[in-house]
Amino acid sequence: MRIAYVFDPANLHSTTFSGVVRQGLTWAAGLPDFDMEAVFPVVHETFDWSGCDVLHLFQYGSWAEAIVAAAKRYDIPVVLSPIVDRSTPYGWRGRIISKIPFEKLGLRQRHRTLSGLMEACDSVLARSELEKSSLSDLSSDPGNIEIVRISIDCSAEVLRPDCIKVPRVFHMSHLNQERKNVRALIAVCEKLDVPLRLAGKVSDAGFSSWLEGKCKANPKLEYIGTITEGQKWEEMSEASVFSLPSLNEGIGLVALEAYVAGAHIVLTDRTGGIEYFGGDIEICDPASNADISRCISNALSKPMHYGPRYDALKAFSNEASVGRLAQVYRRLAPTLQGSGRQS
């Protein structure tokens, strides 16, 4: 079976790492194990849509409408992964806006565009219950939305079963992004008087200067800069707690990795994918330092988890994720085997 993967054209010109592209490439790498192949149409080459069994769109916009129409001319089923990162569902306002025909006035509106694309596609994929709830608010057919969990890029070989655990909090992100809520995390750990290690990119001079001053004033606060993959797994394995108190987080992949490495996890109620953990996490309100403090205290009070969580590694694996994805593809094109529609 041949699947065409099409991304938002903005990814062609972006100088920023795209988690969406990474997600698609990771899925594509796992498809051959299920007798499937991903192909990537590009703008500078002629592409024969008739050779594809399924079209899978990543993200959404008016750019996708003509592509969906082309696929439908060849009776190719279309899967849409909108990638909607919201801290709360769209709600009744989103539902109302999505029903207003802005296009009749020559206007475009993202809620309306997304609603129309979901109606035109054969299946819509969400990564979490939060994202599914958001998409359902704009969909004329919420039953067409299904969850395919995404995976982490990890093998058992990188994990450290013999690590020495340390009673400290670890956090890794693009630290100066406001939505990462790092200032609140620092304030909470200072008040609790617990060690906090920070890793990741800092791209704002003002934040960098502020963080340097905080580290000098507090010996229990350390910023270790950007780190390698090996260092990342070492930090996650040694820390007793990993905290990601984001104001908005689509899927906290780094938290999934930390959980596999053996840390206790603190996330927020504005993070997608909290159901991945099966209830084995602390969930806080990111707008409340007191609630973040409560959750970090709870996590630190738990017995340390020594060694990796191998059952979680299997659950979060690309094999499990692609296996679920392959079920969707086969359901949409049940009579097609091998590669290409000519089979």
Side-chain angles (χ1 to χ4, degrees), residues 17 19-34 36 38 81 125-131 146-173 197 199-200 227-244 246 249-268 271-283 295 299-300 302-328:
F17 170 81
V20 177
V21 174
R22 175 69 177 272
Q23 177 182 329
L25 293 175
T26 301
W27 275 345
L31 286 177
D33 291 338
F34 297 87
M36 297 179 181
S81 289
L125 304 186
R127 300 159 296 165
S128 68
E129 292 289 350
L130 177 59
E131 186 178 19
E146 49 195 316
I147 293 176
V148 174
R149 294 183 176 184
I150 59 177
S151 62
I152 61 173
D153 185 10
C154 175
S155 63
E157 289 72 25
V158 304
L159 300 175
R160 299 185 59 205
D162 56 348
C163 69
I164 299 174
K165 299 293 286 190
V166 181
R168 68 176 177 229
V169 179
F170 179 58
H171 172 92
M172 186 174 77
S173 70
R197 281 167 72 87
I227 57 179
T228 66
E229 279 291 299
Q231 290 172 318
K232 177 187 75 174
W233 289 108
E234 182 177 348
E235 290 290 335
M236 290 177 171
S237 298
E238 292 180 354
S240 56
V241 173
F242 179 87
S243 179
L244 190 66
S246 302
E249 194 76 47
I251 297 287
L253 284 178
V254 67
L256 295 177
E257 292 176 333
Y259 185 74
V260 166
H264 296 309
I265 306 299
V266 175
L267 292 179
T268 79
T271 300
I274 58 177
E275 67 273 11
Y276 286 36
F277 299 89
D280 189 23
I281 56 171
E282 299 293 327
I283 303 173
C295 287
L300 286 168
K302 294 178 179 178
M304 289 188 187
H305 188 283
Y306 290 90
R309 293 182 173 93
Y310 290 107
D311 54 342
L313 175 62
K314 183 177 180 180
F316 301 160
S317 69
N318 197 43
E319 182 181 8
S321 180
V322 177
R324 177 73 184 90
L325 183 66
Q327 291 177 357
V328 175

Minimum heavy-atom distance [X]-[Y], with the two atoms named:
X	Y	result
Gln231	Thr228	OE1-N, 2.8 Å
Pro32	Ala29	CD-O, 3.5 Å
Thr271	Gly252	CG2-N, 4.3 Å
Val148	Ser321	CG1-O, 3.8 Å
Lys314	Ala320	O-CB, 3.8 Å
Leu253	Ser151	CD2-O, 3.6 Å

Do [X] and [Y] come close enough that some side-chain heavy atom pair is under 4.5 Å?
X	Y	value
Val260	Ile152	yes
Ile147	Ser128	no
Val158	Glu229	no
Leu313	Tyr310	yes

Output the distance between atom [atom1] ([X]) and atom [atom2] ([Y]), rounded to the nearest 0.5 Å.
X	Y	atom1	atom2	answer
Tyr306	Ile164	OH	CD1	10.0 Å
Glu235	Ile227	CD	CD1	5.5 Å
Glu129	Tyr276	CD	OH	10.0 Å
Leu267	Ile281	CG	CD1	4.5 Å
Glu234	Lys232	CD	NZ	13.0 Å
Phe277	His264	CZ	NE2	13.0 Å

Report yes or no: does Ser240 contribute a side-chain atom to a donor-acceptor pair with the main-chain N or O of Leu300 at less than 3.5 Å?
no

For Ala261, give me all partners under side chain to side chain contact (heavy atoms under 4.5 Å, CB included), at least two apart in sequence or on another chain.
Trp233, Met236, Ser237

Kindly write out the residues that satisfy side chain to side chain contact (heavy atoms under 4.5 Å, CB included) with Asp280, not counting sequence neighbours, or none if the list is empty.
Tyr259, Lys302, Arg309

I'd like to check the side-chain hydrogen bond (donor to acceptor under 3.5 Å, both in side chains) partners of Ser173; sequence neighbours left out, ordered by chain and number.
His171

What residue among Ile150, Leu125, Asn318 forms side-chain contact (heavy atoms from CB on, under 4.5 Å) with Leu325?
Leu125

Go through the steps for Leu244 and Glu249 under the test side-chain contact (heavy atoms from CB on, under 4.5 Å), then give the verdict.
CA-CA 9 Å; Leu244 190 66; Glu249 194 76 47; 4.0 Å; yes

Taking the basic N atoms (NZ, or NE/NH1/NH2) and the acidic carboxylate oxygens, is any pair closer than 4.0 Å for Arg149 and Glu275?
no

Inspect the contact between Arg168 and Glu238 and indicate whether a charged nitrogen and a carboxylate oxygen are less than 4.0 angstrom apart.
yes

Using the side-chain hydrogen bond (donor to acceptor under 3.5 Å, both in side chains) rule, take Glu157 and Ser155 through it: C-alpha gap first, then chi angles, then the decisive distance, then the call.
CA-CA 5 Å; Glu157 289 72 25; Ser155 63; 3.1 Å; yes

